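Written below as structure tokens is the structure these notes are about.
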Protein chains: 2
Amino acid sequence: MTSRLEALCMEKGLKMTGQRRVISQVLSEADDHPDVEEVHRRAVQIDPRISIATVYRTMRLLEDAQVIERVDLGDGRARYEEATADHHHHLIDTRTGRIIEFASPELEAMKERIAHELGYKIVGHRLEIYGVPLDDAADCARDEEERP
Amino acid sequence: MTSRLEALCMEKGLKMTGQRRVISQVLSEADDHPDVEEVHRRAVQIDPRISIATVYRTMRLLEDAQVIERVDLGDGRARYEEATADHHHHLIDTRTGRIIEFASPELEAMKERIAHELGYKIVGHRLEIYGVPLDDAADCARDEEERP
DNA sequence: GTACTTGCAAACGTTTTGCGTGAAG
DNA sequence: CTTCACGCAAAACGTTTGCAAGTAC
């Protein structure tokens with residue numbers, strides 16, 4: 001089967017090998033923000049001959065082709081998500097590590113305005129919010145709950 | 001002489017040794033965002049017996065005590081600045097690497113509102129804008145077009 | 001043949017750590 | 001004495017790369 005990302009890669013003129021197809025499939029099926037090791041772990045379950053070096057090389061390839069985007073969530077390793085047309089940001093639940101994506105046109109506009117006032121044109125930006133659930137913030141007794 | 005940061009450290013009950021005093025002095029005098037190697041370079045000029053390991057250890061100590069703040073500017077190493085009461089962010093000039101600090105109460109409010117709507121209480125956040133000077137932006141666009 | 005991709009292991013740059021020495025109370 | 005800080009070198013970490021072998025055309 002051809003994955004969504006594989007189709008995108010071919011549109012961009014990338015040569016699709018077996019390994020690249022598997023990695024594309026893994027990334028297509030991911031609805032989280034896996035790091036390279038996690039992508040490798042999942043890829044190996046489909047084809048055990050894939051090395052971590054190939055995953056690193058392929059991730060860079062896909063990033064350069066703007067098929068995926070690197071997300072730096074401040075945990076010291078690169079995480080990835082599919083590239084999207086609309087800009088969005090991440091709210092990271094510091095209790096569970098869960099990542100919530102959000103977008104805000106108002107915020108985009110404000111950030112554009114701030115840069116302009118400083119005499120700059122934006123070429124990129126990054127916003128991350130770290131938070132705890134409002135429910136838990138009041139009631140901290142329930143730390144050891146099961147993860148969904 | 002007692003530096004600003006050294007006084008702060010003592011308030012927090014940190015034991016101040018010769019090395020820590022020198023590092024505090026270096027950080028007090030810095031008006032940029034030095035990385036650990038840079039701090040070490042400057043510290044060694046005051047006292048050549050300071051090792052990089054001590055700088056790393058002291059930076060973490062000061063960070064934990066909230067005397068300094070780690071800033072991740074996406075260049076793969078940790079940079080630092082004095083901790084401030086007011087939240088501010090960074091605009092990074094991608095041409096020169098120059099870092100401009102800015103604050104926006106409106107932005108703080110909006111970000112607070114967004115988190116609340118998602119059911120979260122903010123415990124931290126980070127915004128970085130990467131940009132090019134408006135004057136150069138025209139040249140930049142032309143360069144891009146000329147490329148094949 | 002050429003041109004590219006892969007796996008492996010070694011190297012890389014940043015950061016941490018184990019350990020023996022040293023300084024301070 | 002005990003306790004903590006230090007310097008050094010080695011290790012750990014995520015990532016990149018040199019190289020020889022493999023694949024596709």
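Computed from a predicted model, the values in this text were never measured in an experiment. To find a chain, count down the sequence lines: A is the first, B the second, and so on, and within it residues start at 1.
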- Send over the distance from B:D75 CG to C:dT15 C1', rounded to a whole Å. 14 Å
- How many Å lie between CE on A:M59 and P on C:dT6, as a whole number? 14 Å
- Among the candidates C:dT14, C:dT15, D:dG14, find the nucleotide nearest to the side-chain atoms of B:A78. C:dT15
- Task: Inspect the contact between B:R70 and B:E81 and indicate whether a charged nitrogen and a carboxylate oxygen are less than 4.0 angstrom apart.
- Result: no
- Message: What is the distance, to the nearest angstrom, from the CG atom on B:D47 to the P atom on D:dA5?
- Response: 17 Å
- Query: At under 4.0 Å, does any side-chain N or O of B:R77 touch on OP1 or OP2 of D:dG14?
  - Reply: no
- Item | Atom-to-atom span, CZ of A:R21 to P of D:dT23 - whole angstrom | 15 Å
- Query: How about A:H89 and A:H125: are their ring centres within less than 6.0 Å of each other?
  - Reply: yes
- Note on the structure: note: A:I50, atom CD1; C:dT5, atom C1'; distance rounded to Å ~ 13 Å
- Using only side-chain N and O atoms of B:Y56, determine if any of them is under 4.0 Å from OP1 or OP2 of C:dT16. no
- Task: Encode nucleotides 19-25 of chain C as B, S and - characters from 5' to 3', where the letter depends on protein heavy atoms closer than 4.0 Å: B to the base, S only to sugar-phosphate, - to neither.
- Result: -------
- Does B:R60 make a side-chain N or O approach to OP1 or OP2 of C:dT14 shorter than 4.0 Å? no
- What's the CD-C1' distance between B:Q19 and D:dC4, to the nearest Å? 12 Å
- B:I52 near the nucleic acid: base, sugar-phosphate alone, or nothing, with a heavy-atom cut-off under 4.0 Å? nothing
- Message: Tell me whether B:D72 is salt-bridged to B:R79, with the criterion being a basic N under 4.0 Å from an acidic carboxylate O.
- Response: no
- Note on the structure: Considering only heavy side-chain atoms of B:S51, the closest of C:dC8, C:dT14, D:dC8 is D:dC8
- Whether B:K12 side chain and B:A65 backbone form a donor-acceptor pair below 3.5 Å: yes
- Can a salt bridge be assigned to the pair B:R60 and B:E63 using a cut-off of 4.0 Å between side-chain N and carboxylate O? no
- Atom pair distance, as rounded to whole Å: CD in A:E63 and P in D:dT16: 9 Å
- Query: Distance-only, no hydrogens or angles: does the A:R21 side chain make a donor-acceptor pair with backbone N or O of A:E6 under 3.5 Å?
  - Reply: no
- Message: I want to check one thing: is the phosphate of D:dT23, taken as OP1 and OP2, less than 4.0 Å away from some side-chain N or O of A:T17?
- Response: no
- Message: Could you check whether B:R113 pairs with A:E106 (Lys NZ or Arg NE/NH1/NH2 to Asp/Glu carboxylate O, under 4.0 Å)?
- Response: yes
- A:M16 has an atom CE; how far is it from atom C1' of C:dC4, in whole Å? 15 Å
